[in-house]
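These notes concern the structure reproduced below.
Here is the naming used below: chain letters follow the sequence lines, and residue numbers restart at 1 for every chain.
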Amino acid sequence: MYQKPKGTRDLFDKELRRLQAMNAAARDFFTRNGYEEIRTPSFEFAALFDRSIGTTTDIVEHEIYRFEVNKKTYALRPEGTASVLRAFIENKLTLPARFLYICSMYRRERPQKGRYREFQQIGIELLGENKPFFDAEIIDQGKRYLVLIGAKDFTIELNSIGCPDCRGKYREKLGSFLQNHMTDLCSDCKRRFERNFLRIFDCKKETCQRVYDEAPKITDNLCHECAEHYHKVKEYLNQFGIDYAENKKLVRGLDYYTRTVFEFKHGGLGAQDTIIAGGRYDLLMRELGGQDTPCTGWAMGPERLLLTMSEDLPVLDQKETFYIAGMGERYITKIVRLRDQIQGKGHRCLLGDPGEPIKIQVKRANKCNATYTVIYGEDEEKNGYYTVKNMQLGEQQKVLIQEFDAFLANVRGK
RNA sequence: GUGAGUGUAGCUCAACCGGCAGAGCAUUGGACUGUGGCUCCAACGGCUGGGGGUUCAAAUCCCCUCACUCACCCCA
């Protein structure tokens, strides 16, 4: 028996419809807010991600699906931002630009709750705005979207990780503080400090966290410009009416972030409880060969919401279903026409095999969750009506053929 | 890549200290030849994930392996 690859999922039925409802809501909502959908390739030249995400991250080192064809190295995209910027540069698009993407991403991680090897992301990017107002604005976008689809149990955490200038000075300061606490740190943290020093704050060990509680924070060591920017972001968030918690230990995994970073966390999710994460990345566009362009953006994992609040999410509305039970093969031409008539009014309609006994066909109708079964046989033909059975109430009525269009017009979905 | 837990019928799960592999739901048929669901009756369904070992005897104990789950690493 064939199995799906580890970390992939088959989506169908309600789960898929809920995901589609979230996607539809995102398209509608973000389009109204000026974000244009963009679709970039599922795979790119691997160098793009190596450059953008940062060569010291685990994603680049172990988690990218790489493959080589004809001496060229490609990679399945592990995230969306790099591709969007590449597309912006390559297509010579103009600023300011707002993009929405809804795509699958791929990372070769060990699966766990809320983490898959192929997963969906809904993301927005705002290119060409450097003012702190827009940091607040995209956070507002995320919050309003979550509220729109019915999410309640989430919190917003905010921090600033400054620019390379303040980060360099801060690194020395943090380094000298940690000198005296090296023995208290786990081996992971010692490695983190060398590779991507801000990430030590993500450590889950209590012994390490006790040290970091006392350590100097990047937030308190920003250069004047970064501090001013951060101050403004917080001020604007207050004016937007957005509740957030400042988390001075909040940092980000990807190398390209500057200044503002944030996460939306949702309850009931286990270890992977971040549903939206993002921030400002003012240096990435240049890094990828474009003009100096300040940018902000975030990505969301809709499957995580599915996991924790599936029952509360809107389901893409299901159409009422008709099932036609003809009583004899000589009625095939008639019932095919009847099907066209019903579908022409926008309803879902399935056919039973008119060669089968009526009992079997009604049973099938029930299995197919039909709202109505339309029965057509000798008596109906002779007297010019359809027998319409309401499957929920178990009642049936005769509807004259010339009145059937009117009947269809009055039918509502479940 | 590391650690822990779990694999028994299509699904959810039983099976005591090693002693005949079971139930509910689902499926199929019947009670019911122009009417599904509800009820009752019956049937179908298993290499106990796979391989090896210990034993008179293994779903049960041991080893290997595969899969799934959760957590670490990392991250949406």
Side-chain angles (χ1 to χ4, degrees), chain A residues 1-9 53-54 56-64 77-81 101-124 142 186-189 191-192 195-196 199 202-205 251-255 257 262-266 269-279 297-307 323 325-328 331 352 354 356-381 387-396:
Chain A
M1 194 167 62
Y2 291 106
Q3 290 179 300
K4 59 186 172 304
K6 188 192 288 289
T8 62
R9 304 190 316 145
I53 294 169
T56 60
T57 62
D58 251 45
I59 294 186
V60 163
E61 273 189 47
H62 310 293
E63 295 175 1
I64 286 185
R77 62 172 167 231
E79 59 107 38
T81 302
Y101 59 84
I102 301 174
C103 304
S104 286
M105 305 296 165
Y106 308 85
R107 291 182 199 171
R108 214 186 132 281
E109 303 173 280
R110 191 84 142 236
Q112 71 188 65
K113 185 171 185 177
R115 173 197 283 170
Y116 314 103
R117 288 185 166 184
E118 178 180 25
F119 60 99
Q120 310 294 313
Q121 277 193 345
I122 297 175
I124 63 171
C186 67
S187 54
D188 279 335
C189 275
R191 185 173 50 85
R192 282 191 193 102
R195 281 166 50 129
N196 191 348
R199 301 232 70 203
D202 278 340
C203 185
K204 293 186 173 154
K205 294 193 181 61
V251 295
R252 304 270 54 242
L254 309 182
D255 276 4
Y257 285 103
F262 55 84
E263 287 188 6
F264 290 50
K265 294 186 175 179
H266 199 285
L269 273 171
Q272 309 299 322
D273 62 350
T274 301
I275 48 172
I276 291 183
W298 52 250
M300 166 187 162
E303 285 145 316
R304 291 187 175 172
L305 278 180
L306 213 56
L307 218 50
Y323 196 98
M327 301 188 57
Y331 297 118
E356 291 281 343
I358 178 81
K359 183 187 171 109
I360 298 293
Q361 293 188 67
V362 176
K363 204 171 202 166
R364 284 281 187 281
N366 186 49
K367 291 263 156 109
C368 295
N369 278 320
T371 344
Y372 297 98
T373 301
V374 180
I375 296 164
Y376 191 76
E378 221 174 303
D379 198 52
E380 284 81 356
E381 182 183 37
T387 297
V388 179
K389 175 164 187 157
N390 182 317
M391 297 298 282
Q392 266 156 2
L393 303 175
E395 295 165 353
Q396 60 189 45

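Across every non-hydrogen atom of A:Ala370 and A:Tyr323, the tightest pair is CB-CB, 3.8 Å. Annotation for A:Pro111 and A:Arg117: closest pair CD-NE, 4.3 Å, computed over non-hydrogen atoms.
Heavy atoms of A:Gly114 sit under 4.0 angstrom from at least one base atom. At the heavy-atom level, A:Ala365 lies nowhere under 4.0 Å from the strands shown. Contacts of A:Gln272 with the nucleic acid, taken as non-hydrogen atoms under 4.0 Å apart, include base atoms.
Side-chain contact between A:Ile124 and A:Trp298: present, with at least one pair of heavy atoms (C-beta onward) separated by less than 4.5 Å. Annotation: side chain of A:Val362 is in contact with side chain of A:Met391 (closest heavy-atom distance under 4.5 Å).
Across B:A23 and B:C17, the matching P atoms stand 22 Å from one another, rounded to whole Å. Annotation: B:A59 and B:U48 have their P atoms spaced 7 Å apart (nearest Å). Of the C1' atoms belonging to B:C73 and B:U65, the separation is 25 Å, rounded to the nearest Å. Rounded to a whole angstrom, the distance from the C1' atom of B:G30 to that of B:G49 is 37 Å. Nucleotides B:A26 and B:C41, compared at atom P, are 14 Å apart to the nearest Å. Comparing the P positions of B:C62 and B:U54 gives a spacing of 15 Å, expressed to the nearest Å. Spacing of C1' atoms, B:C20 relative to B:U12, comes out at 25 Å, to the nearest Å. Annotation: B:G53 and B:C16 have their P atoms spaced 25 Å apart (nearest Å).
In this entry the distance linking CZ of A:Arg9 with P of B:A76 reads 18 Å, nearest Å. When the C1' atom of B:U69 is taken as reference, atom NZ of A:Lys113 falls 11 Å away, rounded to whole Å. As a whole-Å value, the separation of A:Glu63 CD from B:C73 P is 12 Å. Atom CG in A:Leu307 sits about 11 Å away from atom P in B:U69, given to the nearest Å. Whole-Å rounding puts the A:Ile102 CD1 to B:A76 P distance at 18 Å. With rounding to whole Å, A:Phe119 atom CZ is found 8 Å from B:A76 atom P. The distance from atom CD of A:Glu109 to atom P of B:C73 is 12 Å, rounded to the nearest whole Å.
The 12-atom threshold is exceeded at CZ of A:Arg192, counting heavy atoms of other residues, nucleotides or ligands nearer than 6.0 Å.
Using a 4.0 Å cut-off, some side-chain N or O of A:Arg252 falls inside it from OP1 or OP2 of B:A76. Contact annotation: A:Arg192 side-chain N/O to B:C74 OP1/OP2 distance is under 4.0 Å. OP1 or OP2 of B:A71 lies within a sub-4.0 Å distance of a side-chain N or O belonging to A:Gln112. Distances shorter than 4.0 Å separate none of the side-chain N or O atoms of A:Lys204 from OP1 or OP2 on B:C74. In this model, the phosphate group of B:C68 is approached by a side-chain N or O of A:Lys6 to a distance below 4.0 Å at OP1 or OP2.
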Per-nucleotide protein contact string for nucleotides 28-37 of chain B (B base, S sugar-phosphate only, - none; heavy atom under 4.0 Å) = S---B-BBBB
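Nearest-nucleotide mapping onto RNA chain B: of A:Arg108 and A:Thr274, the residue sitting toward the 5' end is A:Arg108. Nearer to the 5' terminus of RNA chain B, by closest-nucleotide assignment, is the contact made by A:Lys4 (compared with the other of A:Lys4 and A:Asp188).
Judged by Watson-Crick or G-U wobble contacts below 3.5 Å, the nucleotide B:A67 has B:U6 as its partner. Checking B:C72 for Watson-Crick or G-U wobble geometry (two distances, each under 3.5 Å) identifies B:G1 as its partner. Partner assigned to B:C13 is B:G22, using Watson-Crick or G-U wobble distances below 3.5 angstrom. In this structure, B:A42 and B:U28 make a Watson-Crick or G-U wobble pair, each of the two defining distances being under 3.5 angstrom. Applying the Watson-Crick and G-U wobble criteria (two distances, each under 3.5 Å), B:U55 pairs with nothing in any strand. Nucleotide B:C47: unpaired (no Watson-Crick or G-U wobble partner with both distances less than 3.5 Å).
Salt bridge present: A:Arg9 and A:Glu303 bring a charged side-chain N and a carboxylate O closer than 4.0 Å.
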Could you check A:Leu307 against A:Gln272 for side chain to side chain contact (heavy atoms under 4.5 Å, CB included), going step by step and ending with a plain yes or no?
-> CA-CA 11 Å; A:Leu307 218 50; A:Gln272 309 299 322; over 6 Å; no
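Evaluation of atom-type donor-acceptor distances gives a pair under 3.5 Å for the side chain of A:Arg115 against the base of B:C74. At a cut-off of 3.5 angstrom, the base of B:A76 holds at least one donor-acceptor pair with the side chain of A:Arg107.
Between the side chains of A:Thr274 and A:Glu263, at least one donor-acceptor pair of N or O atoms lies under 3.5 Å.
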